2 protein chains.
Amino acid sequence: MLETSARLLHLLSLLQMRREWTGPALAQRMEVTERTVRRDIGKLRTLGYPISASPGIAGGYQLGAGAQLPPLLLDDDEALAVAIGLTAVTASPVAGVGEASVRALTKLEQVLPARLRPRFSGLRSAVTRMAAPSTPVDPAVLTALSAAITERRIVAFRYERHDGESSRRLVEPYRLVDTGRRWYLVAWDTVREDWRTFRVDRCRSIPSPRARFTARPLPATDLARYVQKSITRSPYSYDAVIRLAAGIREIEQRIPAEIAELTSDGPNATILRAGFDSLDYPLMQLASLDVEFEILEPEAMRVRAAELAGRLRRAAGRAGTVYAR
Amino acid sequence: MLETSARLLHLLSLLQMRREWTGPALAQRMEVTERTVRRDIGKLRTLGYPISASPGIAGGYQLGAGAQLPPLLLDDDEALAVAIGLTAVTASPVAGVGEASVRALTKLEQVLPARLRPRFSGLRSAVTRMAAPSTPVDPAVLTALSAAITERRIVAFRYERHDGESSRRLVEPYRLVDTGRRWYLVAWDTVREDWRTFRVDRCRSIPSPRARFTARPLPATDLARYVQKSITRSPYSYDAVIRLAAGIREIEQRIPAEIAELTSDGPNATILRAGFDSLDYPLMQLASLDVEFEILEPEAMRVRAAELAGRLRRAAGRAGTVYAR
DNA sequence: CGAACCGAGGACAGAACCTGTCCTCATCGC
DNA sequence: GCGATGAGGACAGGTTCTGTCCTCGGTTCG
C-alpha cells in the first residue's frame, strides 16, 4: 500500500520535527483514525524505531534513540546546513570521520534538489576558504572521486607531481584514504599500468568520469597501511617542537589532546610536539594563547614567525612603534 | 503491508549507497521478483523520488535529484560525520544556515544511537575547541534550548550579565536568533515577567528542561529585527577598517565576499571593512595573506597586533633577531 | 543485422493486508 | 473519581500486493 508507506514516512518526519505528539493530533494531521495512528506507531516500532509513549493528560508519543539511525527527513535549510557542515569537515578533516564524511557528502550531493545547488555552491566556497589554512583539499574533488569509485568509472584529471611537473592522468579509482589530515587516492594508472597513490590536494582539476571498468584485486588488504608505506615522508609537512611558558595543566585545558602531544618541562614550562601542514595556522593559535612560547623546531617556522611578527608590527603602525624601538 | 514499506526504505537506502543498480541485482538483494522491484521503483517514483533508468547491457536504475530531499539513510560513521559537521557549523555559524543547523543537530541528537554518543562527545569537544577563536558558543547549549523550544518547556540556566553579574534564570524559550555570528535567545522571563533577549554564549550552564508552558503571543512578528533593536551595540565586538597593499582583484580572490566588504583604494590598495568578535583570528588571517596591511581602526586591534608581533618575535628567537634590531 | 540484456508495463488470480468501527483496559494528572 | 491518553482485540469490507505469465521498446556488442 503506497498510502501506508507514505504515511509512515510522514509520521516519522513529524516525530522528528517535534519532540512530542499526541495521538489525536497525529490523527488529525494525517487525516486518519486514531486507531490507524496507533497501528502505524506499532508498525514503526516493529521496524525497529523506538517510540516511547506516556498516557495521561500530558502524554504523547516521542521518538527516541534506537539501535540504528532512522531515515533523516530534512527540510531545505536543514539539508543545506548538513551539506555545509560536511563540506567543512571534509575540508579540514577530523580524525576518525574523514572517509565517512566524504561518503555522506557524496550521498547528499547526489540527491540535493536543484533549487538548493546555487545556495550550496555559494556557501561552499566561503566555508572552504575559511578552512583553507590547514589543508587545501577541495571537497568537490573528493566527492567526484568518491562518486567515481562507487560507480566504478575511470576518471581523468590533471595531477601535479611533487617536483611541480603536471600531467594528465587516466586512472581506475578504488579507495580514498584519509591519513592524518591529508587525502590520498589509491588507483590503478591505466597508462603506466600499475598501482599509484595520488595526493588529492595535488589534483589540479575536478576529476571527470569516463568509461566503466571492472574491478581488479586490490594491492593490499589494509589500504590505510599500504598508503602509509607508499609515503616516505611524514604525513605532515612540518613537525614542530614548541616550548610554552606555562604549566602543563594550564595548557591541557586550552589545546585539545587530539592535536598535539604535550609533555611537562618543569612547573612553568611545557613542550608541545605536533605535525602541521601549514606554518601560519599553528602560529596564530599559539600567539592567541597569551602564553609566551619559543619555537625550537623547525627553522622554517622560526623564520615564518619572524615574518609574521614584522608584518603585524608594521600593520599596527603608530601603536606598534612602542615595540619597534 | 509492513514488508512493503520496509522494502521501499531498503530500496531507497540501496540506491543512496551505490549510484547504479540493475533490476535483477536489486531483486536478488531483496529476495523478491524482478516484477516487484519494478513495481517498487514505480511506487518510489509516484512518491516523488526521481529514479532514472537506462536499458541495455550497461543499464540500471539510479536515484537523481528531485524536488525535495529523500529521507537520508546513513550508516554509523556517516551519521557521526554529519553530527560533527553540524557541530562545527553551529560553533562558528555560516551566514544563512545558523538556525537550520541547530534544528538539524537537535533532530539528529534526539535519535542518535547510544553506542555512537561516546564517540560523538569525544569528537565534539575537539571540534568546538578548534572553532573557538571566533565564537565560543557551546552547541550543546544551543541544542538544549532548541529542544526545549519545540517541547515548550521552561528552562533553567545560569546567566552572566554584561557587567559580569551571574544569576539563575527560569524562562520560557521561544526562538533562537542568529545575528551575524552570535546567538540570541528570545524568551519570557518568568521571574521578571517580561520578554528578555539572552546571549547564548553567556549561558554558564547547559539549560535543563522543566515544566511545560503554554505559548504566549510573541512580542514581535519579525523576531530577527526585534533582536537587532534590543541590542544597542553593533552585532560584532569590533568593527575593523584595514588598508591592504594590493589591488582589489587580488584580494577578492583570497577573501570571501561573505566575510568582508572590500572597496578599491587605487590600483595597489584595498580598503577592507568587517565586523569581528575576536581580534586575533582576523589579524592572523590577514598576516597569512602575505600582503602588507595597515590597521586604520580600531585602536584595540592595533594594540593587539603589536602584542602578537612581540610574542611572535620572541618565539622566533634567534631567527627573529634579524627583525628585532 | 541479430543476439543478449535491461527496463516498462498489462492481465489475472489468490492471498494478504489495511482501515474504520466498536469495545475494553491500563495509566497518569488533577 | 474523572478526563485524557495509550494499548490492543475482534470483525467485516474493500483494497492492495505479489508472483506468474506475457509483449514491447530500447541499448550495446559482436
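Labels below follow one simple rule: chain letters A, B, ... track the order of the sequence lines, proteins then strands, and each chain is numbered from 1. Because the structure is a prediction, the values reported are computed rather than measured.
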Problem - A/Y61 side-chain proximity, nearest of D/dT27, D/dT20, D/dA7 - result: D/dA7
Completion exercise
Separation of D/dT18 atom P from B/M30 atom CE, nearest Å, is 10 Å
Problem - Under-3.5 Å donor-acceptor pair between B/R35 side chain and C/dG10 base - result: yes
Practice task
Rounded off to whole Å, could you give me the CD-to-P distance for the A/E34 and D/dG3 pair?
Solution key: 17 Å
Problem - Atom-pair distance (CG on A/L2; P on C/dT19), nearest Å - result: 12 Å
Problem - Rounded interatomic separation in angstrom, taking CG from A/L26 and P from D/dT5 - result: 12 Å
Problem - Proximity to the side chain of B/T4 - top-ranked nucleotide from C/dG20, D/dT18, D/dA7 - result: D/dT18
Exercise for the section: Quickly work out the B/W21 CH2 to C/dC6 C1' distance and round it to whole Å. Expected result: 16 Å
Exercise for the section: Identify which nucleotide among C/dC18, C/dT21, D/dG19 has an atom closest to any side-chain atom of A/R7, counting heavy atoms from C-beta outward. Expected result: C/dC18
Handout entry: Under 4.0 angstrom between A/T36 side-chain N/O and C/dT19 OP1 or OP2
Key = no
Exercise for the section: Take atom CG of B/L44 and atom C1' of C/dA8, then tell me their distance rounded to the nearest Å. Expected result: 16 Å
Handout entry: Nearest-nucleotide 5' precedence on DNA chain C, B/G60 against A/T33
Key = B/G60
Exercise for the section: Among C/dT21, D/dG26, C/dC28, find the nucleotide with the atom closest to the side chain of B/P55. Expected result: D/dG26
Practice task
List the steps and the verdict of side chain to side chain donor-acceptor pair (under 3.5 Å) for A/R158 and A/S166.
Solution key: CA-CA 7 Å; A/R158 288 208 70 74; A/S166 144; 2.8 Å; yes
Problem - B/F198/B/Y159 aromatic ring centres below 6.0 Å - result: yes
Practice task
Verify whether the ring centers belonging to B/W195 and B/Y174 lie closer than 6.0 Å.
Solution key: yes
Problem - First encountered from the 5' end of DNA chain D, between A/R39 and A/S54 - result: A/S54
Problem - Options D/dG19, D/dT5, C/dC18, nucleotide nearest the side-chain atoms of A/T22 - result: D/dT5
Exercise for the section: Under 4.0 Å between any heavy atoms, over every strand shown, what does B/G42 touch: base, sugar-phosphate, or nothing? Just pick one. Expected result: nothing
Exercise for the section: Side chain of A/R38 only, please: which of D/dG8, C/dG20, D/dG6 is the nearest? Expected result: D/dG8
Practice task
Please state how far atom CD1 in B/I51 lies from atom P in C/dG7, giving the value in whole angstrom units.
Solution key: 12 Å
Exercise for the section: Assess whether side-chain contact (heavy atoms from CB on, under 4.5 Å) is satisfied between A/T190 and A/E172, documenting all intermediate values. Expected result: CA-CA 7 Å; A/T190 57; A/E172 302 174 357; 3.9 Å; yes
Practice task
Could you check which of D/dG8, C/dG7, C/dT19 has an atom nearest any side-chain atom of A/K43?
Solution key: C/dT19
Exercise for the section: Provide, to the nearest angstrom, the distance between the CD1 atom belonging to B/I41 and the C1' atom belonging to C/dC6. Expected result: 13 Å
Problem - A/Y49 OH to A/Q68 CD distance, which is reported to the nearest 0.5 Å - result: 6.5 Å
